[in-house]
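For ligands, and for the atoms within them, numbers begin at 1 and follow the listed sequence.
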Amino acid sequence: MPHALRHLLHELQLALLKLVIRLLPGARPPVLFAGSGSALQLCHALADMGARRLLLVTDAVLVRLGVVAPLLDALRSRGIDCVVYDGVEPDPTHAQVEAGLALARQHGSEAVLAVGGGSPMDAAKIIAACVSNGVAPAALVGNFKVKIDPLPLYAIPTTAGTGAEVTVAAVITDTAARAKLTVVDGKLVPRMAALDGSLMLGLPPHVTAASGMDALTHAVESFVSRFADEKTRPLSLTATQMVFRHLPRACHAGEDLAARQSMAFAATYAGMAFSRASVGYVHAIAHNLGGLYHTPHGLANAIVLPHILDFYAEAAAPQLAELARAIGAADAAATERQAVSAFIARVRELARDVGIPETVSTLKVSDIPEIARRAMAEAQGFYPVPRFMSQPQCEAILHKLLP
Ligand SMILES: NC(=O)c1ccc[n+]([C@@H]2O[C@H](COP(=O)([O-])OP(=O)(O)OC[C@H]3O[C@@H](n4cnc5c(N)ncnc54)[C@H](O)[C@@H]3O)[C@@H](O)[C@H]2O)c1
Ligand SMILES: [Fe+2]
């Protein structure tokens, strides 16, 4: 399809999407517990609310590190019958989600608690929705496919990045197609979440950096989004400020509880913002690098982000200049253009400081047309980007990421 026609179709689809979003009842926000010890508070609140049979979804690393045991003890001491599914790995696959689903059905689980990063949280969301809807994960892929409310869903994030504890999204990997697929529905927002920075003290620096840059990407993409509004802008702005202020310390001094807690808040604020205002081309490209090469999501975003900001520099100049002023990268005397350049330069500096490389080590020239095609298809009619991209423009950006 010619570029001009694709662009026109994108505008029409976005207008329709905006209308649908306005008409749909907004997702109910979760009850949030926050601070050191809040994960245990959430467990006790579950018991107080009468939860009886619970599936805890996590990963084997967190079990080994001893993050899960105290939570399980608290739940069991309050008489909750828990089973643990720890088979989730980074970028959960259909097979991993189906194994958790089988356990939930066999156990007769009535609620689902996710303990982990985006991967266990996404798996838990899909399991909870599959049980109540009586379907397989594939049936939920796409937008607004969750007909019946999922089993009551709760989240304890152990990374500060995805914001999945508050978002309407879940991502699942189709290994045969080497593609990351999204399930988007307001019903996927957990009922309660605990933002407990003390669980993140042992997160290795490279995961801290990648997940923190994912939060920054959510904040920035939602801020420049054409769906940004008075509800999302303050959240995106605050999250951006907090990532610049606290991510370096969370990476270089991981035991700093205050930095960890601040990053936990930043990720949640950014998640709330993008749940409403959506994301853009950074995510479209990052998802497809992740699908093809298993590049960690936050890492892919961090590498792509400055290039997409260069591409948006004129179209989103007022927003990028505002972000520059908010993080102290430009003062009132700076012109808009100077402020935009200063912001993009600070994003590059932050990425370098926390150890993000500038290239995708596994990227192959021969894959670039397919990655660009898939990224354009993902964004088409769905991501409210400030500037529309052509396939050759996307390929040119990908060429800059070659090792
Ligand atoms: N649902 C959403 O809204 C949303 C948004 C963005 C990304 N995602 C998805 O989330 C996934 C990425 O999640 P992530 O970045 O949080 O990473 P992750 O959940 O994949 O975890 C990455 C690694 O960190 C380890 N880890 C997690 N917490 C730890 C801790 N406290 N201490 C030590 N190690 C710990 C895990 O065991 C794993 O090895 C991707 O699949 C991505 O597509 C979802
Ligand atoms: Fe993300």
Side-chain angles (χ1 to χ4, degrees), residues 27 39 57-68 71 86-93 96-97 114-126 153 155-174 179-186 188-190 193 196-222 239 250 254-255 260 263-264 267-268 270-276 278-280 282-291 294-302 304-305 378 383:
V57 179
T58 186
D59 66 41
V61 174
L62 290 163
V63 172
R64 204 171 57 240
L65 290 175
V67 172
V68 176
L71 306 174
D86 67 359
V88 181
E89 290 174 12
D91 299 338
T93 61
Q96 288 163 21
V97 173
V115 179
S119 298
M121 288 193 281
D122 284 357
K125 285 175 165 186
I126 300 175
L153 183 65
I156 300 179
T158 63
T159 61
T162 69
E165 64 279 3
V166 291
T167 70
V168 296
V171 184
I172 186 167
T173 293
D174 179 338
K180 290 180 90 165
L181 310 173
T182 47
V183 179
V184 178
D185 198 296
L188 292 178
V189 177
D196 190 334
S198 73
L199 303 185
M200 300 169 189
L201 296 173
L203 194 63
H206 70 284
V207 187
T208 306
S211 47
M213 292 301 286
D214 185 23
L216 179 67
T217 307
H218 296 153
V220 174
E221 289 210 289
S222 59
E255 70 292 346
R260 293 291 191 183
M263 280 305 301
T268 299
M272 286 172 168
F274 95 78
S275 248
R276 213 177 138 80
S278 191
V279 287
V282 186
H283 270 78
I285 296 172
H287 281 153
N288 289 292
L289 290 169
H294 206 31
T295 316
H297 175 69
L299 177 65
N301 274 333
V304 176
L305 178 62
E378 177 174 329
Y383 290 165

Taken in chain and number order and not counting sequence neighbours, the residues that satisfy salt bridge (Lys or Arg N to Asp or Glu O under 4.0 Å) with Asp86 are none
Parallel, tilted or perpendicular: which describes the rings of His297 and His283, with under 30° parallel and over 60° perpendicular? tilted
Do Thr217 and Val279 come within less than 4.5 Å of each other through their side chains, counting heavy atoms only? no
Would you mind reporting whether Leu181 and Glu378 have side-chain heavy atoms less than 4.5 Å apart? no
CG of Leu71 to CG of Leu62, rounded to nearest 0.5 Å, is 10.0 Å
Among Asn288, Val282, Leu289, exactly one meets side-chain contact (heavy atoms from CB on, under 4.5 Å) together with Ile285. Which residue is that? Leu289
Write none if no such pair exists; otherwise list each N/O atom of ligand 1 with its protein N/O partner under 3.5 Å and the distance.
unit_1: ligand 1; atom_1: 1 (N); unit_2: Asp122; atom_2: OD1; d: 2.7
unit_1: ligand 1; atom_1: 1 (N); unit_2: Ala169; atom_2: O; d: 2.8
unit_1: ligand 1; atom_1: 3 (O); unit_2: Thr167; atom_2: OG1; d: 2.7
unit_1: ligand 1; atom_1: 13 (O); unit_2: Gly118; atom_2: N; d: 3.1
unit_1: ligand 1; atom_1: 16 (O); unit_2: Gly118; atom_2: N; d: 2.7
unit_1: ligand 1; atom_1: 16 (O); unit_2: Thr159; atom_2: OG1; d: 2.7
unit_1: ligand 1; atom_1: 19 (O); unit_2: Gly118; atom_2: N; d: 3.2
unit_1: ligand 1; atom_1: 19 (O); unit_2: Ser119; atom_2: N; d: 3.0
unit_1: ligand 1; atom_1: 19 (O); unit_2: Ser119; atom_2: OG; d: 3.4
unit_1: ligand 1; atom_1: 20 (O); unit_2: Ser119; atom_2: OG; d: 2.6
unit_1: ligand 1; atom_1: 28 (N); unit_2: Thr158; atom_2: O; d: 3.4
unit_1: ligand 1; atom_1: 28 (N); unit_2: Thr158; atom_2: OG1; d: 2.7
unit_1: ligand 1; atom_1: 31 (N); unit_2: Thr158; atom_2: O; d: 3.1
unit_1: ligand 1; atom_1: 31 (N); unit_2: Leu199; atom_2: O; d: 2.9
unit_1: ligand 1; atom_1: 37 (O); unit_2: Asp59; atom_2: OD1; d: 3.2
unit_1: ligand 1; atom_1: 37 (O); unit_2: Asp59; atom_2: OD2; d: 2.9
unit_1: ligand 1; atom_1: 41 (O); unit_2: Asp91; atom_2: OD1; d: 2.8
unit_1: ligand 1; atom_1: 43 (O); unit_2: Lys180; atom_2: NZ; d: 3.0

Any donor and acceptor pair, going by atom type alone, linking the side chain of Ser278 with main-chain N or O of Tyr383 inside 3.5 Å? no
Between side-chain atoms of residues 157-172 and protein atoms elsewhere (two or more places apart, or another chain), which donor-acceptor pairs fall under 3.5 Å?
unit_1: Thr158; atom_1: OG1; unit_2: Gly117; atom_2: N; d: 3.4
unit_1: Thr162; atom_1: OG1; unit_2: Ala164; atom_2: N; d: 3.0
unit_1: Glu165; atom_1: OE2; unit_2: Thr268; atom_2: OG1; d: 2.7
unit_1: Thr167; atom_1: OG1; unit_2: Lys125; atom_2: NZ; d: 3.0
unit_1: Thr167; atom_1: OG1; unit_2: Ala169; atom_2: N; d: 3.4

Any donor-acceptor N or O pair under 3.5 Å, side chains Arg260, Thr208: yes
Pull up every protein N/O/S atom sitting under 2.8 Å from the Fe ion (ligand 2), skipping waters. Asp214 OD1, His218 NE2, His283 NE2, His297 NE2
